[in-house]
Amino acid sequence: DRNPHKGVQLTEAGQRMLLAGHVVFEGLERAMQDVHALKRSTEGQVAFGSRSYFSDHLLPPLFMTFKQQNPAFELTVDRGKRDNLLHALRHRRLDMVVVDGAVEEPQLSGAQLARMDMVLIGTPDHPLSTGEPAPFDALALERLIPRSQAFAVLGEVERKASNIGFSLQTGWEVGSMEAQIDAVRNGLGVALVPYPAVKRHLDAGTLALLRIEGFPMTLGWFLAWRTLDVSIAAEAFIQHLLNKRACLDALCTAPCMNA
């Protein structure tokens, strides 16, 4: 129908047909997701998703130890943000995900996989690299180098600073953790990064941990999967990851900062 004031409008029959079309397309999408999930399960494939840091740095050794015991096992990896990963998991495009922060949804099961310390780093000669830990508001005098896909813990730092009464000073935003580390090594500021990412630089003496109260800050890695829909291959890999929790904790925990 055409209304001179409201333009073209669907008739009641047209509205019903449009609704039916949506139902049909949603059903087709679910069916395709089911087919892909079934194909993965019958071929011993698992679709895994996580933040890029976990998949690039922590996942490879975990995968290789499992692969040695299960040669036919295949893993595909998707990298993304938390909300996108959980959406893909719910819609069966992924079999499991590792995300920062607990997952509490009725259709999903989950467990904490590891605790990872986020540390403040600076140059070896930085005044805050030695001595008693400085109060948190010492951060007001530092220039923080942010990263485009920062961990959620950075928001906690910003909120804590705001509650105390100061704003973080930031330099230009970089696109990768490697760029953050390079910027710090060149004296352009300080950065909040995962401890495993800088351990070798700390051991080599090219970077130092900054001693400020409240740091390190701990980030939780959580493993999540669909409660009622787990393939044999996915279940085996989930159990393998859970069995490695102590190893991951040891790798991701910074040394005590007490003087």
Side-chain angles (χ1 to χ4, degrees), residues 50-62 79 81-82 97-103 110-124 126-139 142 144-161 164 168 170 174 176-185 189-224 241-259:
S50 71
R51 294 288 296 263
S52 59
Y53 180 77
F54 189 94
S55 61
D56 292 346
H57 299 278
L58 302 179
L59 179 64
L62 299 172
R79 298 164 178 82
K81 296 182 179 179
R82 173 190 169 93
V97 299
V98 172
V99 294
D100 47 321
V103 177
Q112 180 165 302
L113 190 57
R115 297 181 301 274
M116 185 171 71
D117 283 342
M118 301 291 293
V119 295
L120 271 176
I121 57 169
T123 55
H126 194 289
L128 296 177
S129 65
T130 59
E132 293 283 347
F136 184 85
D137 59 9
L139 197 56
E142 302 298 328
L144 195 67
I145 300 169
R147 185 166 60 93
S148 55
Q149 291 191 5
F151 290 99
V153 71
L154 180 59
E156 296 180 28
V157 178
E158 292 172 332
R159 285 190 292 273
K160 187 172 181 178
I164 292 176
L168 298 178
T170 57
V174 296
S176 69
M177 196 173 302
E178 290 74 15
Q180 270 185 308
I181 294 170
D182 285 343
V184 174
R185 292 180 65 187
V190 304
L192 183 64
V193 297
Y195 171 69
V198 292
K199 184 178 185 303
R200 64 184 179 89
H201 297 286
L202 298 171
D203 292 342
T206 56
L207 288 172
L209 297 180
L210 301 189
R211 305 173 68 81
I212 296 180
E213 292 177 357
F215 296 95
M217 299 187 75
T218 301
L219 167 72
W221 287 121
F222 280 81
L223 176 65
L241 294 177
L242 295 178
N243 288 341
K244 296 296 183 180
R245 283 183 286 191
C247 296
L248 281 171
D249 268 344
L251 176 67
C252 296
T253 302
C256 179
M257 295 291 286
N258 293 329

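What you see below is based on every heavy atom in this structure, not just the backbone, and it leaves out hydrogens, waters and symmetry mates.
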Of all heavy-atom pairs between [X] and [Y], which one has the smallest distance, and what is that distance?
{"X": "Leu251", "Y": "Tyr195", "result": "O-CD2, 3.9 Å"}
{"X": "Pro135", "Y": "Glu213", "result": "CA-OE1, 3.8 Å"}
{"X": "Ala197", "Y": "Met177", "result": "CB-SD, 3.5 Å"}
{"X": "Ser55", "Y": "Leu59", "result": "O-CB, 3.6 Å"}
{"X": "Gln180", "Y": "Ala191", "result": "NE2-CB, 4.0 Å"}

Side chain to side chain donor-acceptor pair (under 3.5 Å) with Arg245: which residues, sequence neighbours excluded?
none
Just to verify, what does Asp137 make a side chain to side chain donor-acceptor pair (under 3.5 Å) with, not counting sequence neighbours?
none
Side chains of [X] and [Y]: closer than 4.5 Å at any heavy-atom pair?
{"X": "Leu241", "Y": "Leu248", "value": "no"}
{"X": "Ser129", "Y": "Arg211", "value": "no"}
{"X": "Phe136", "Y": "Lys160", "value": "yes"}

Results of salt bridge (Lys or Arg N to Asp or Glu O under 4.0 Å) for Asp100 - residues two or more places apart only:
Arg51
List the residues meeting salt bridge (Lys or Arg N to Asp or Glu O under 4.0 Å) with Asp182, not counting sequence neighbours, and say none if there are none.
none
Is it true that a side-chain atom of Arg82 and a backbone atom of Gly101 form a donor plus acceptor pair closer than 3.5 Å?
yes
Show the numbers, then the answer: is there a side chain to side chain contact (heavy atoms under 4.5 Å, CB included) between Leu192 and Val157?
CA-CA 10 Å; Leu192 183 64; Val157 178; 3.9 Å; yes
Quick one: [atom1] on [X] to [atom2] on [Y], what's the gap to the nearest 0.5 Å?
{"X": "Glu178", "Y": "Arg147", "atom1": "CD", "atom2": "CZ", "answer": "8.5 Å"}
{"X": "Cys252", "Y": "Leu113", "atom1": "SG", "atom2": "CG", "answer": "9.0 Å"}
{"X": "Ser50", "Y": "Arg79", "atom1": "OG", "atom2": "CZ", "answer": "7.0 Å"}
{"X": "Leu219", "Y": "Leu154", "atom1": "CG", "atom2": "CG", "answer": "12.0 Å"}
{"X": "Glu158", "Y": "Leu168", "atom1": "CD", "atom2": "CG", "answer": "5.5 Å"}
{"X": "Leu139", "Y": "Ile212", "atom1": "CG", "atom2": "CD1", "answer": "5.0 Å"}

State which residues pass side-chain contact (heavy atoms from CB on, under 4.5 Å) with [X]; sequence neighbours excluded, sorted by chain then number.
{"X": "Thr253", "result": "Asp117"}
{"X": "Arg115", "result": "Gln112, Thr218, Asp249"}
{"X": "Pro127", "result": "none"}
{"X": "Ala134", "result": "Leu128, Ala138"}

Please list, chain by chain and in numerical order, all residues satisfying ring-ring contact (aromatic ring centres under 6.0 Å, His included) with Tyr53, sequence neighbours excluded.
His57
From the options Ile145, Leu120, Val193, select the one residue that forms a side chain to side chain contact (heavy atoms under 4.5 Å, CB included) with Val184.
Ile145
Stepwise side chain to side chain contact (heavy atoms under 4.5 Å, CB included) check, Met217 with Glu156:
CA-CA 9 Å; Met217 299 187 75; Glu156 296 180 28; 3.6 Å; yes
Got a list of side-chain donor-acceptor pairs under 3.5 Å for residues 198-209, not counting sequence neighbours?
residue	atom	partner	partner atom	Å
Lys199	NZ	Asp203	OD2	2.8
Thr206	OG1	His201	O	3.2

